[in-house]
S.K.: 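Pasting in a structure now, in structure tokens, and then I'll have a few things to ask.
Order of appearance sets the numbers: ligands from 1, and atoms from 1 within every ligand. FYI, the numbering just counts along the sequence from 1.
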Amino acid sequence: APDRAPDRIGIFDSGIGGLSVLRAVRAHLPTATLTYIADSRHTPWGERSAAWVSARCLQLAGWLIGDGCDLVLVACNTATTQAIAALRTRWPGQHFVGVEPGIKPAVAASRNHRVAVMATTGTLRSPRLQQLVQAHVGRAQVLQLPCPGLAEAIEASGDHPTALAARLDQISAALRASGADTVVLGCTHYPLVAAALQQRLGAGITLIDTAEAVARRVHSLLGGSTTSTTRAPTNATPGSLRLYSTA
Ligand code: DGL
């Protein structure tokens with residue numbers, strides 16, 4: 001194929017959570033030029049106001065767009081549910097992809113029609129999340145479980161592994177008590193502890209992460225074929241990755 005400039009994708013999150021999405025994007029678009037911003041100075045975002053989150057997302061997206069990104073991936077459920085509309089209004093011609101809790105696939109996967117959604121307070125109180133529940137709940141029960149402190153504990157787990165373990169114990173107990181057989185990981189930090197959660201919940205509970213679907217969406221918006229799931233031309237130059245933190 002004639003040389004085409006590599007796709008430039010900008011990705012941001014409040015911290016390291018978006019790396020769970022970045023991983024899937026890299027697998028689908030191995031030749032892309034990726035720029036990731038972790039807003040570590042302001043993490044976590046989950047308890048902040050929608051107005052604050054919107055203003056912060058406008059700043060971070062503005063930086064990535066100014067840097068030449070073809071597509072901005074909002075790798076954060078809190079930011080997507082509260083701010084992606086503001087980004088689309090501010091930059092109408094720009095590609096944006098967001099991450100939203102996988103309520104639809106969870107309802108489809110549940111055998112006992114009980115689904116639990118783990119997310120931040122900001123995500124769960126957003127009108128967008130309530131719309132998603134209304135659209136896909138069907139005859140299922142959807143328990144909304146705010147997990148304040150969990151993203152923060154994941155950020156800090158290098159220094160404080162026991163605090164994270166204690167928070168995971170509490171949340172797993174609440175999830176087991178809910179009777180849900182399917183649990184939505186509605187914050188991009190949570191897939192980073194999926195193995196630890198699964199171990200506490202047991203094999204009978206299915207965890208739902210939307211990173212794969214998001215990566216396919218990014219791929220198709222950038223002109224990737226929809227039939228092959230990965231693009232790895234043998235003669236292509238490898239992609240690149242720049243990681244930034246605001247702290
Ligand atoms: N990773 C984020 C999300 O998907 C935000 C977590 C936080 O900063 O509270 O919701």
S.K.: Looking at Val99, Leu87, Val214, which one forms a side-chain contact (heavy atoms from CB on, under 4.5 Å) with Val74?
M.R.: Leu87
S.K.: Which residues pass the ring pair (Phe, Tyr, Trp, His ring centres under 6.0 Å) test with His113, not counting sequence neighbours?
M.R.: none
S.K.: Does Leu164 share a hydrophobic cluster with Val183, counting links as ILVMFWY side-chain heavy atoms below 4.5 Å and allowing steps through other members?
M.R.: yes
S.K.: Not counting sequence neighbours, which residues clear ring pair (Phe, Tyr, Trp, His ring centres under 6.0 Å) with Trp91? List them please.
M.R.: none
S.K.: Side chains of His189 and Glu152: do they bring a donor and an acceptor to under 3.5 Å?
M.R.: no
S.K.: Below 4.0 Å from any atom of ligand 1, which residues have a heavy atom? Give them in chain and number order, please.
M.R.: Asp13, Ser14, Pro44, Trp45, Gly46, Cys76, Asn77, Thr78, Thr120, Ala151, Cys187, Thr188, His189
S.K.: With Thr35, which residues qualify under side chain to side chain donor-acceptor pair (under 3.5 Å), at least two apart?
M.R.: Arg242
